[in-house]
Amino acid sequence: MKKTKKKLASLTIGFSTLESRLQNIKLPDLAKHPDWDVLITVQSGNASIASISNAPKGAQVLAFAGKGVTKLRNQVIQNAKGRYLVFADDDITFNLDGLAEAIKHLEQSGSVLLLGRAVDETGAFRKSYPNKTTKLTKLNSAKAATYEMVVNLEKVKAAKVLFDENFGAGADNTYLGDEYIFICDLIDAGEKCEFVPITLATHPADSSGSGWGSDRDRIARARIFDRAFRSNPVMPYLVRTAFGLKKLGRGLTLTNYIKFIFKK
């Protein structure tokens, strides 16, 4: 008897962007994946998409008033139709074969979140990644990027975990760290999260998460660890000591290192 190929579970590719940047989104060709779909959440002064003339064709587009990318990503979580979900910025190009491999791993492992790899425009890895599957903890996931994360949407909703809207691009106080805190909250909820060496996407080399040159950069990072380890008031100081030590001489001076530890 001929074996039938198992159908790949559905996936939503969830972009979040400003209305002015909608034209930057390059929709993936989903011809080989009829059960996959694209959802775009947009920060707009309008509560409907009727006036958004530059929305890409072939995607569901939802507009929301308000500031902050995490608000948009939470709307992706609430409105996505797929069993699995990958988050995206407007300058991302996805490796569809990598996403398919990620879904298969999540199906087999039972993990709620898979953190994969990304490359830059030249094809080089954007950072140093482990070379084997690794359990994520609060101590090894601080460099996570949104477009590297594929989640089991049903399990995320069951865990009642959303992005903390006080963090991330557009937030008033802390413009980054939302991905890391999302993972930490899943870990605190008892969920299994893993890094798997699968290349999921291409993203330009420059990133808002790579700066250390200003007081704003340093203080933002310090606040992130307060939030990630909020149940243990001592841990943020210990983690900032270890994390900052790796950056000494690489964008972080000794004086600013001490300030980083004590969130000054």
Side-chain angles (χ1 to χ4, degrees), residues 10-28 30 36-94 99 112-113 115-116 118 144-157 159-186 200-204 206-209 220 223-224 227:
S10 58
L11 171 75
T12 293
I13 299 174
F15 290 91
S16 297
T17 190
L18 301 173
E19 184 175 351
S20 61
R21 293 178 60 89
L22 264 172
Q23 68 275 10
N24 296 342
I25 294 176
K26 297 178 182 178
L27 293 183
L30 301 182
W36 295 12
D37 67 284
V38 177
L39 169 63
I40 304 173
T41 55
V42 182
Q43 180 180 306
S44 171
N46 302 295
S48 71
I49 67 170
S51 62
I52 299 179
S53 59
N54 57 340
K57 305 300 181 184
Q60 181 185 14
V61 183
L62 301 175
F64 299 92
K67 186 180 178 183
V69 71
T70 48
K71 296 179 187 296
L72 297 178
R73 288 182 181 141
N74 284 338
Q75 290 296 336
V76 168
I77 291 173
Q78 299 292 356
N79 289 280
K81 299 174 182 177
R83 179 175 181 179
Y84 294 94
L85 168 64
V86 61
F87 301 98
D89 299 327
D90 54 54
D91 52 359
I92 291 296
T93 302
F94 280 109
L99 291 176
V112 66
L113 179 144
L115 187 68
T146 320
Y147 47 84
E148 296 170 341
M149 303 192 312
V150 185
V151 300
N152 181 314
L153 189 55
E154 182 179 312
K155 290 186 176 183
V156 167
K157 288 183 176 180
K160 298 181 179 179
V161 171
L162 293 169
F163 285 90
D164 189 326
E165 296 181 2
N166 294 306
F167 295 82
D172 291 333
N173 296 317
T174 310
Y175 66 96
L176 41 70
D178 45 306
E179 303 96 339
Y180 172 52
I181 290 168
F182 182 76
I183 293 172
C184 289
D185 287 349
L186 287 172
L200 301 177
T202 300
H203 185 276
D206 291 337
S207 171
S208 62
R223 287 173 175 158
I224 290 165
R227 171 62 175 78

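Basis for what follows: all heavy atoms, side chains included, without hydrogens, waters or symmetry-related copies.
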Atom pair [atom1] ([X]) and [atom2] ([Y]), whose distance is rounded to the nearest 0.5 Å:
X      : Y      : atom1 : atom2 : result
Asn79  : Leu72  : CG    : CG    : 11.0 Å
Leu11  : Arg83  : CG    : CZ    : 12.0 Å
Phe182 : Arg73  : CZ    : CZ    : 10.5 Å
Ile25  : Ile13  : CD1   : CD1   : 11.0 Å
Gln43  : Ser20  : CD    : OG    : 9.0 Å
Ile183 : Asp178 : CD1   : CG    : 10.0 Å

Under the side-chain hydrogen bond (donor to acceptor under 3.5 Å, both in side chains) test, residues paired with [X] that sit two or more places apart:
X      : value
Thr12  : Asp37
Glu148 : Lys127, Tyr129
Asp164 : Asn166, Arg227
Asn152 : none

Identify the two heavy atoms, one from [X] and one from [Y], that lie closest to each other, and give their separation to 0.1 Å.
X      : Y      : answer
Ala80  : Leu39  : N-CD2, 3.8 Å
Ser16  : Thr41  : OG-OG1, 2.9 Å
Ala220 : Thr174 : O-CG2, 3.4 Å
Val61  : Val42  : CG1-CG2, 3.7 Å
Ala144 : Glu179 : O-CB, 3.6 Å
Leu85  : Gly14  : CD1-N, 4.1 Å

Does NZ belonging to Lys157 count more than 12 external heavy atoms closer than 6.0 Å? yes
Got a sec, which residues hit side-chain contact (heavy atoms from CB on, under 4.5 Å) with Leu162, two or more places apart in sequence or on another chain? Asn74, Ile77, Gln78
Results of side-chain contact (heavy atoms from CB on, under 4.5 Å) for Ala59 - residues two or more places apart only: Leu27, Val38, Ile40
If you define the side chain from C-beta out and look only at heavy atoms, does anything of [X] sit under 4.5 Å from [Y]?
X      : Y      : answer
Lys155 : Leu186 : no
Leu99  : Tyr84  : no
Asn24  : Asp91  : no

What is the ring orientation for Phe94 with Phe15, classed by angle as parallel under 30°, tilted 30 to 60°, or perpendicular over 60°? perpendicular
Aromatic plane relationship, Tyr147 with His203 - under 30° parallel, 30 to 60° tilted, over 60° perpendicular: parallel
Side-chain donor/acceptor pairs under 3.5 Å, residues 62-71, sequence neighbours excluded:
from: Thr70; atom 1: OG1; to: Phe167; atom 2: O; distance (Å): 3.3
from: Lys71; atom 1: NZ; to: Glu165; atom 2: OE1; distance (Å): 3.1

With sequence neighbours excluded, residues passing ring pair (Phe, Tyr, Trp, His ring centres under 6.0 Å) with Tyr180: Phe225
Name the residue from Val151, Val150, Ile92 that meets the side chain to side chain contact (heavy atoms under 4.5 Å, CB included) definition with Phe87. Val151
